[in-house]
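Data block below; observations after.
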There are 2 protein chains.
Amino acid sequence: MATKPPAENMARSTKQRTAILELLEHDDAFRSAQDLHAILREAGSKIGLTTVYRTLQAFAEADIVDVMRLPGGDHLYRLCSAEEHHHHLVCRSCGRTVEVAGPTVERWANKVAADHGFTEVGHTLELHGLCAECSQSFKAQ
Amino acid sequence: MATKPPAENMARSTKQRTAILELLEHDDAFRSAQDLHAILREAGSKIGLTTVYRTLQAFAEADIVDVMRLPGGDHLYRLCSAEEHHHHLVCRSCGRTVEVAGPTVERWANKVAADHGFTEVGHTLELHGLCAECSQSFKAQ
DNA sequence: TAGGTGTTGACAATGATTGTCATGACTGGG
DNA sequence: CCCAGTCATGACAATCATTGTCAACACCTA
């Protein structure tokens, strides 16, 4: 897949934004702003941490990336293919991520909410485990 | 319900721990450590913020309270009645909380995980919306 | 190419949470 | 009932991700 233009609703296309996007495209795991910043600096970029944060935020608002929260509270970002609502199944060893549609959960959530008189219901759901490969390694060991 | 002794696996029972527990017992919404600290100080207690944090952490580890994370990343705590695994349906206006069992979700999560070769799967799920009462208020307005 | 405007980046500021450590409060044994 | 030993407390400093600020800069269009 070729690098997309940074975003429709962001006024300008800059080196920094392009660099961040490219990085995300070659990565199928969630990364933190700090991670991405470190990688970019490592690669010789002079990009600022503030910019990385701002850019990722903008991407998130534009639905270009998905955000997830670590137990510690940090934000992780990942380029997402699916357009519609979906959830993530994340390997807690290698970070590999699978996108999962969850019509079952949506229905369940709506029903439960209705049962209790709640309206305007949203939900957050995350699955985490060990992917096939990492399961192997652990077993081998 | 009478105030329970602070905890089986905490060595000592102190005024501070009892105070925190009592507060949680009279509250059916999630509260932050800072909130609880503020309330206790308001009520004349000289309890320290550090203590509140530590106590809540200990309670959480002992499964005396449930923890949830705000989008901002803060921790919220609430005394929980159900012993088994369950989820929460939280009103984002008044904070009222309903405990919800989710066998449907558990099953779904396990199936999805298995389909992708994942093992040792866990999940986090949260429902948030407007409770019946708050829905009314908003409509009226 | 020139200018206006959106972006950047260094730095300071925020704010929740955690670490530290001397002082103080429980509890069981005598 | 009192004492010692140990665990808990609280004031304070330290962390650390994230956000705010603002002058300097880069992109895009005319």
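By convention in this document, chain letters (A, B, ...) are assigned in the order of the sequence lines, proteins followed by strands, and residues within each chain are numbered from 1.
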Whole-Å gap separating [atom2] ([N]) and [atom1] ([X]):
| X | N | atom1 | atom2 | value |
| --- | --- | --- | --- | --- |
| Lys15(A) | dG9(C) | NZ | C1' | 14 Å |
| Leu70(B) | dG15(C) | CG | P | 15 Å |
| Phe59(B) | dA8(D) | CZ | P | 11 Å |
| Leu21(A) | dT7(C) | CG | P | 14 Å |
| Arg31(A) | dT18(D) | CZ | C1' | 20 Å |
| Ile47(A) | dC25(D) | CD1 | P | 18 Å |
| Gln16(A) | dA26(D) | CD | C1' | 9 Å |
| Leu49(A) | dT7(C) | CG | C1' | 16 Å |

Presence of [X] side-chain N/O under 4.0 Å of [N] phosphate oxygens OP1/OP2:
| X | N | result |
| --- | --- | --- |
| His75(B) | dT17(C) | yes |
| Arg17(B) | dT9(D) | yes |
| Thr14(A) | dT8(C) | yes |
| Tyr53(B) | dT18(C) | no |
| Gln57(A) | dT18(D) | no |
| Arg54(B) | dG19(C) | no |

*Of Leu76(A) and Thr51(B), whose closest DNA chain D nucleotide lies nearer the 5' terminus?*
Thr51(B)
I need the minimum non-hydrogen distance between [X] and [Y], along with the two atoms involved.
| X | Y | result |
| --- | --- | --- |
| Leu49(B) | Ala33(B) | CD1-O, 4.4 Å |
| Val65(B) | Leu56(B) | CG2-O, 4.1 Å |
| His85(B) | His87(B) | NE2-CE1, 3.3 Å |
| His37(A) | Ile47(A) | NE2-O, 3.2 Å |

*Determine the contact category for Gln34(B): base if any of its heavy atoms lies under 4.0 Å from a base atom, sugar-phosphate if only primed atoms, P, OP1 or OP2 are that close, otherwise nothing.*
base
*Any side-chain heavy atom of His128(B) within less than 4.5 Å of one from Thr124(A)?*
yes
*Do Ser13(B) and dC26(C) have a side chain to base donor-acceptor pair shorter than 3.5 Å?*
no
